[in-house]
Amino acid sequence: MYSMKEVCELTNLTYETLKYYCNEELIPNVKRDHRNYRIFDDMDVEWIKSLSCLKKCGMKISEMKHYVDLCFIGDDSIKERKQMLDEKKHKLLKQMNEIQDCLVFIDEKQKYYDELLEKK
């Protein structure tokens, strides 16, 4: 079992973010110890890592809540969950292409500036 602090270290979340996720019921069935402190098991840690990834994928908290709700429905919601992830994937791929275009632009400009500096 892990404390809040330990889970923060394992997941690279701030204490405030983890507490927020708990309060928003994004982490199901959070257990408590004899002092009423939240404690987490390995499955919770993996779940929290998944939430972090969804957040990094650009999911809003409301979308994450909907996704979690769908998970609780079970197999009947797999198609909808898959569709949600497909939409995020397409958006990320578009962003990745835009970033790649920006990197090419920067490389070209740096090369141009290097050439100008060499002439001086």
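For the numbers below, each heavy atom of this structure counts, side chains included, while hydrogens, waters and symmetry mates do not. Worth saying up front: this structure is predicted, and the values here are computed from it rather than measured.
Between Lys31 and Arg38 there is no side-chain heavy-atom pair separated by less than 4.5 Å. You'll find the side chain of Glu6 stays beyond 4.5 Å of the side chain of Met1, heavy atoms only. The shortest side-chain heavy-atom distance between Cys8 and Thr14 does not fall under the 4.5 Å cut-off. Using a 4.5 Å heavy-atom threshold, the side chains of Leu93 and Lys89 count as touching. Within the 4.5 Å cutoff, no side-chain heavy atoms of Ile39 are placed close to those of Ser3. Between Met84 and Lys88 there is no side-chain heavy-atom pair separated by less than 4.5 Å. Taking 4.5 Å as the limit, some side-chain heavy atom of Cys71 sits within range of a side-chain heavy atom of Trp47.
Each of Leu18, Thr11, Leu10 was scored for a side-chain contact (heavy atoms from CB on, under 4.5 Å) with Phe40, with one residue passing: Leu18. Screening Asp42, Asp41, Asp44 for a side-chain hydrogen bond (donor to acceptor under 3.5 Å, both in side chains) with Tyr2, the sole residue that qualifies is Asp42.
In this structure, the salt bridge (Lys or Arg N to Asp or Glu O under 4.0 Å) partners of Arg35, at least two apart in sequence or on a different chain, are Asp33. Not counting sequence neighbours, the partners of Lys65 by the salt bridge (Lys or Arg N to Asp or Glu O under 4.0 Å) test are Glu24.
One distance of note links NZ of Lys91 with CE of Met59; it measures 10.5 Å at 0.5 Å rounding. The distance from atom NZ of Lys60 to atom CG of Leu54, rounded to the nearest 0.5 Å, is 14.5 Å. To the nearest 0.5 Å, atom CD1 of residue Ile61 and atom CG of residue Leu26 are 5.5 Å apart. A distance of 9.0 Å separates NZ of Lys55 from CD of Glu63, quoted to the nearest 0.5 Å. The CD atom of Glu108 sits 13.0 Å away from the OH atom of Tyr112 when rounded to the nearest 0.5 Å. Atoms CD and OG, on Gln83 and Ser77 in that order, are 12.0 Å from each other to the nearest 0.5 Å.
Put simply, Met96 and Phe105 are part of two different groups of oily side chains (I, L, V, M, F, W, Y) that touch within less than 4.5 Å, one to the next. By the criterion of side-chain heavy atoms lying less than 4.5 angstrom apart, applied directly or through intervening Ile, Leu, Val, Met, Phe, Trp or Tyr residues, Phe72 is not grouped with Ile78; the two fall into different hydrophobic clusters. Both Tyr67 and Ile73 are members of a single hydrophobic cluster when ILVMFWY side chains are connected at heavy-atom separations under 4.5 Å. Taking hydrophobic clusters as Ile, Leu, Val, Met, Phe, Trp and Tyr residues chained together by side-chain heavy-atom distances below 4.5 Å, Val45 shares a cluster with Tyr20. One hydrophobic cluster, built from ILVMFWY side chains closer than 4.5 Å, cannot hold both Tyr21 and Tyr37; they sit in different ones.
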Verdict with supporting geometry, Tyr15 and Lys5, side-chain contact (heavy atoms from CB on, under 4.5 Å): CA-CA 7 Å; Tyr15 185 90; Lys5 182 179 178 184; 5.5 Å; no
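Using a 4.0 Å cut-off between charged side-chain N and carboxylate O, Lys111 and Asp107 make no salt bridge.
More than 12 heavy atoms of other residues, nucleotides or ligands shown are found within 6.0 angstrom of CG on Asp86.
Summarising the geometry of Leu51 relative to Val68, their closest heavy-atom pair is CD2-CG2, 4.0 Å, with the distance given to 0.1 Å.
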